[in-house]
Amino acid sequence: MSEKTNLYRLLPSVDGVLERLFEEPDLAARPRPLLKDLVTEALDHVRAAIRAGEVEQGDLDEAALLSKIIDTVRRRSRPHFRRVVNATGVVIHTNLGRSLLADEAVQAVTEACARYSNLEFDLHTGKRGSRYSHVEEILRRVTGAEAGLVVNNNAAAVLLVLDTLCKGGEVVVSRGELVEIGGSFRIPEVMEKSGALLREVGATNRTHLRDYENAITDETVALLKVHASNYRIIGFTKEVSIPELQEIARPRGLPVIEDLGSGNLFDFAPFAFGYEPTAQEKVAQGADVITFSGDKVLGGPQAGIIVGRAEYIERIKRNPLNRALRIDKMTLAALEATLQLYMDPELARKKVPTIAMMTVPPEELRKKADRLARRLRREVGESAAISLAPGASRVGGGSFPERDLETTLVRVEPAGGLSLEALRDRLLAGDPPLVGRIEDEAFCLDPRTLAEDELSLAAGLVAAAFSGAA
Ligand SMILES: *Cc1c(COP(=O)(O)O)cnc(C)c1O
């Protein structure tokens, strides 16, 4: 008998492994056919390693092999889409799910999913109702607009507005506002998809009212403004305001449309961010149609919100494309609950996690960093040096670009052996995974984006990474 045949004989059977797996409480609840598939795959993997001569008799300690297979199955049976601990300090982290919902919104979603609802049912008449009716009134109250509707995301909102109001006509846009947002959303390309013709005016840094005026022809159907979002033009600049644009648009019956991007409803003036226009300001300035995201600075669910003058909103509602871009009931529930909080700005500041994380005082962050550092020292012991250092967080989501938020970072410097990259990789393989950043020769955790109840969890995950158990 060859040595390889001997090695194969040492492998446990699928049923043998499964029996052992069912003793693990977390695994016993998983679908059995899935576990069986995963065990078969894990054993195939070991067999392939034997075939390739990568396994020696000594490696096949039965208990060790079994626990390795169980670890593999546990890892691979977890949902692919799952929770992550965000220690990056980027509040609206596009790759980590953008905004977190307020507790009120989470509850509303849970109820909307688990129970029947009046989604498209009018409780006064007992007849069919409209799903759009649920948030229109609160949108009117919060933004001051005459009317509103909500679609899947802001990209869809822009597409729908252009498709309804601008198809086949020319839309005048400043060259300084032809932006590309992450995830391949580009204004010129969305414009093309909608069948509207882009008429660029002005220079990159400066556009004047006369530029817009000179560009208007019989073919013009709208003037469009786009919030630059993720970049900023500084220095010798000039953009034309909504009231100025209305001087030339209104007499000609042309709508002024603004893609506001991040969808801010909160007045950040008292904080250190600098000015960021709010949707209510744009309505007050006279924009006819405004579109914005629900899950950027607004801090709600993924959604594209359209508010403005009733005559335009009515036409947009009737566009058949609207049906293809419609939002689902979970989004509606979360959005209504989030918008309610904005009826009282102080409530929004406390309860909308995005706003709360953006506006937390630096002194509070320092104390939170200190609490995290103490837990880390207790948990990792001699494995790493833990220290505090001043640092910067970011808002993210293409909002407030180039604006650093003052924070205190918790620095983890491995005492030896483990490289920063290896530590990062082990933390990504943790359960749950933790994402931080490597900065100035340390793995850094920013307390801004860690919930209070995640401090212990984060410390435990770092300790597990050092002990190799992650
Ligand atoms: C983010 C953004 C979009 C896209 O919004 P989504 O909600 O991500 O679809 C469009 N326009 C601007 C100006 C943006 O900032």
Side-chain angles (χ1 to χ4, degrees), residues 90-101 135 139 148-163 165-166 171 173-194 196 198 207 222-233 239 242 256-266 268 273 275-279 281-282 287 289-308 316 321-322 324-328 330-332 334-335 338-339 354 358 394-403:
V90 181
V91 178
I92 308 170
H93 198 305
T94 299
N95 303 136
L96 303 183
R98 280 198 185 166
S99 280
L100 306 185
L101 294 179
V135 286
L139 275 175
L149 88 153
V150 183
V151 290
N152 187 46
N153 56 18
N154 188 35
V158 174
L159 178 67
L160 182 64
V161 168
L162 294 176
D163 186 88
L165 303 178
C166 308
V171 179
V173 190
S174 161
R175 286 205 167 85
E177 299 175 4
L178 294 174
V179 298
E180 171 178 318
I181 315 297
S184 69
F185 174 92
R186 283 178 162 180
I187 286 294
E189 287 165 18
V190 176
M191 190 86 77
E192 197 182 316
K193 264 279 171 254
S194 74
L198 176 65
T207 302
L223 309 185
L224 173 68
K225 276 186 72 65
V226 182
H227 188 9
S229 289
N230 50 9
Y231 82 112
R232 206 173 283 276
I233 299 178
E239 70 168 300
I242 299 278
V256 172
I257 301 169
E258 175 145 16
D259 173 12
L260 199 51
S262 66
N264 180 30
L265 297 175
F266 189 81
F268 287 103
F273 304 98
Y275 171 74
E276 173 68 16
T278 60
E281 252 174 79
K282 293 293 176 182
V289 178
I290 304 163
T291 72
F292 50 94
S293 283
D295 60 347
K296 290 186 183 169
V297 177
L298 198 150
Q302 178 189 307
I305 301 169
I306 308 171
V307 297
I316 296 165
L321 191 55
N322 188 7
L325 305 174
R326 83 176 183 189
I327 55 164
D328 77 320
M330 292 185 262
T331 310
L332 267 176
L335 187 62
T338 306
L339 290 171
T354 300
M358 284 173 68
R394 279 285 161 92
V395 177
S399 317
F400 300 92
E402 306 311 311
R403 214 165 285 277

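Only this structure's heavy atoms are used, side chains among them; waters, hydrogens and symmetry mates stay out. Both ligands and their constituent atoms are indexed starting at 1 by order of listing. Quantities reported herein were computed from a predicted structural model and do not represent experimental measurements.
Side-chain contact check for L159 versus K193: some heavy-atom pair is nearer than 4.5 Å. For the pair L335 and I305, the minimum side-chain heavy-atom distance is below 4.5 Å.
Side-chain polar atoms of T291 and D259 form a donor-acceptor pair below 3.5 angstrom.
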Are any protein N/O atoms closer than 3.5 Å to the N/O atoms of ligand 1? If there are, list each pair with names and the distance to one decimal place.
unit_1, atom_1, unit_2, atom_2, d
ligand 1, 5 (O), S293, OG, 3.1
ligand 1, 7 (O), N154, N, 3.0
ligand 1, 7 (O), S293, OG, 2.5
ligand 1, 8 (O), R98, NH1, 3.1
ligand 1, 8 (O), R98, NH2, 2.8
ligand 1, 9 (O), N154, N, 3.2
ligand 1, 9 (O), A155, N, 2.8
ligand 1, 11 (N), N154, ND2, 3.4
ligand 1, 11 (N), D259, OD1, 3.4
ligand 1, 11 (N), D259, OD2, 2.6
ligand 1, 15 (O), S229, OG, 2.6
ligand 1, 15 (O), K296, NZ, 2.7

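Considering I306, T331, L139 as possible partners of V150, the one that fulfils the side chain to side chain contact (heavy atoms under 4.5 Å, CB included) test is L139. The side chain to side chain contact (heavy atoms under 4.5 Å, CB included) test with S262 singles out one residue from I92, V297, D295, and that residue is V297.
F268 meets the ring pair (Phe, Tyr, Trp, His ring centres under 6.0 Å) test with F266, F273, F400; sequence neighbours excluded.
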